[in-house]
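First listed ligand is number 1; within each ligand, the first listed atom is number 1.
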Amino acid sequence: MKKNVLITGITGFVGSHLADYIFSLNDGNIEIHGTRRWRSPVENIEHIIEKIQLHYCELLDAKSVQDLIASVRPDIIFHLAAQSYVMTSFSAPVNTLETNICGTVNLLEAVRYAKIDPVIHICSSSEVYGQVRENEVPIRESQLFRPASPYAVSKVGEDMLAFQYGLSYGLRIITTRMFTHTGPRRGEVFVTSAFARQIARIEAGIQEPVLKVGNLESVRTFADVRDTVRAYWLLVHKCKPGEVYNIGGSVSMTVGDMLNKLLSMTDKKIAIKVDPALLRPSDVTLQIPDCAKFRQATGWEPEIPFEKTLKDLLDFWRDYYARRKKRA
Ligand SMILES: C[C@H]1O[C@H](OP(=O)(O)OP(=O)(O)OC[C@H]2O[C@@H](n3cnc4c(=O)[nH]c(N)nc43)[C@H](O)[C@@H]2O)[C@@H](O)[C@@H](O)C1=O
């Protein structure tokens with residue numbers, strides 16, 4: 001019998017890569033279902049749109065989610081739909097909390113009412129740990145939560161809901177606290193993409209050679225999105241419901257060092273300018289994960305070198321502006 005895999009947020013960055021990864025396994029017994037909101041652009045999944053079952057679904061509408069779950073009856077759920085930009089959560093805290101917390105409740109309730117028993121992957125985030133002290137890195141799953149943004153609080157909520165629905169109703173939920181991940185299709189607001197996009201625009205002659213930045217001192221441990229989705233697939237097959245796992249890359253550096261790597265990939269001379277609008281009321285400046293628990297459970301290791309991740313991201317934006325120019 002075919003296995004139904006449901007990816008909420010399949011039109012997004014990680015969702016689209018996860019669908020690509022599952023297709024690459026060439027398993028004829030898997031049917032991929034995904035959700036989209038009526039306004040969501042579909043360019044990330046245009047290349048696979050004929051091969052997936054796409055469902056209109058509004059996570060904040062309980063009926064919409066119940067109808068979806070009752071009709072798909074998924075065996076595996078990857079809940080990737082979210083308001084995921086930290087900065088936006090400061091200007092739209094209620095929307096962030098609603099989407100990430102109430103949206104997750106609607107999904108978990110819909111599973112209960114459908115009386116099905118799927119494996120459910122809930123995406124918490126490394127942001128739940130907030131600002132850690134130097135003696136607290138690498139960060140383990142037992143680290144205290146000190147959320148530094150409404151987004152982080154929303155992910156604490158999601159994390160706790162995953163625990164509680166497992167405890168109260170026996171749902172088979174596995175939670176990840178993923179650290180920063182990037183690669184082609186990364187949304188333009190996130191730091192790696194924001195920088196790569198500006199370089200591509202400068203190369204295309206549609207932006208002055210001045211690159212706007214926020215806080216360059218933050219340390220991040222970058223993972224490639226393609227390693228990330230491979231980890232998520234292993235997670236639902238090898239990890240234990242009720243447990244929570246850190247997942248992250250192995251390359252840690254400041255955002256400024258990451259920028260220098262990107263700048264070394266272009267011939268253009270580019271000036272750097274701090275834009276105060278990109279500075280957060282409170283920032284998380286030290287994120288280095290301890291992923292031993294996940295590695296032990298799955299044998300997963302990140303494989304893609306960070307230079308390739310950045311080059312692929314930059315080329316993604318170069319292609320984007322080349323195609324735009326052709327259409328004009
Ligand atoms: C795990 C976690 O990972 C992501 O959250 P994030 O790490 O906050 O991602 P980001 O790319 O917005 O910022 C990274 C750092 O870079 C600094 N920074 C400097 N200059 C710019 C800049 O120009 N733009 C942005 N966005 N950040 C900048 C900024 O202040 C911050 O310190 C999300 O996927 C989130 O959903 C998630 O769960």
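Panel note: side chain D224, backbone E303; no donor-acceptor pair is recorded below 3.5 Å. One N or O on the side chain of S89 and one on the backbone of Y151 form a donor-acceptor pair closer than 3.5 Å.
In terms of N/O distances under 3.5 Å, ligand 1 is not approached by V86. Between Y151 and ligand 1, a contact under 3.5 Å exists for at least one N or O pair. The distance criterion of under 3.5 Å between nitrogen or oxygen atoms is not met by S126 with respect to ligand 1. Annotation: V189 places an N or O atom under 3.5 Å from an N or O atom of ligand 1; distance criterion only. Ligand 1 has no nitrogen or oxygen under 3.5 angstrom from a nitrogen or oxygen of T192. An N or O contact shorter than 3.5 Å is missing between H181 and ligand 1 by distance. Where the criterion is an N or O separation shorter than 3.5 Å, residue side chain and backbone included, G214 meets it with respect to ligand 1.
Here the two rings, on F222 and H181, have centers that are 6.0 Å apart or farther.
Dense packing is recorded around CZ of R112, with more than 12 heavy atoms of other residues, nucleotides or ligands lying under 6.0 Å away. Counted within 6.0 Å of CD on E301, heavy atoms from surrounding residues, nucleotides or ligands total more than 12; the atom is thus considered enclosed.
Heavy atoms from both the backbone and the side chain of V191 come within less than 4.0 Å of ligand 1. Counting heavy atoms under 4.0 Å from ligand 1, residue R186 touches it through the side chain alone.
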Please step through ring pair (Phe, Tyr, Trp, His ring centres under 6.0 Å) for the pair H17 and F13, ending with a clear verdict.
CA-CA 7 Å; H17 278 284; F13 167 55; 5.7 Å; yes
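Ranking the protein heavy atoms by distance from atom 13 (O) of ligand 1 puts R280 NH2, 3.3 Å first.
Inspection of the H79 and H121 side chains reveals no N or O donor paired with an N or O acceptor under 3.5 Å. Of the N and O atoms on the side chains of Y56 and R37, not one donor lies less than 3.5 Å from an acceptor on the other residue.
Under a 4.0 Å heavy-atom criterion, L216 is not in contact with ligand 1.
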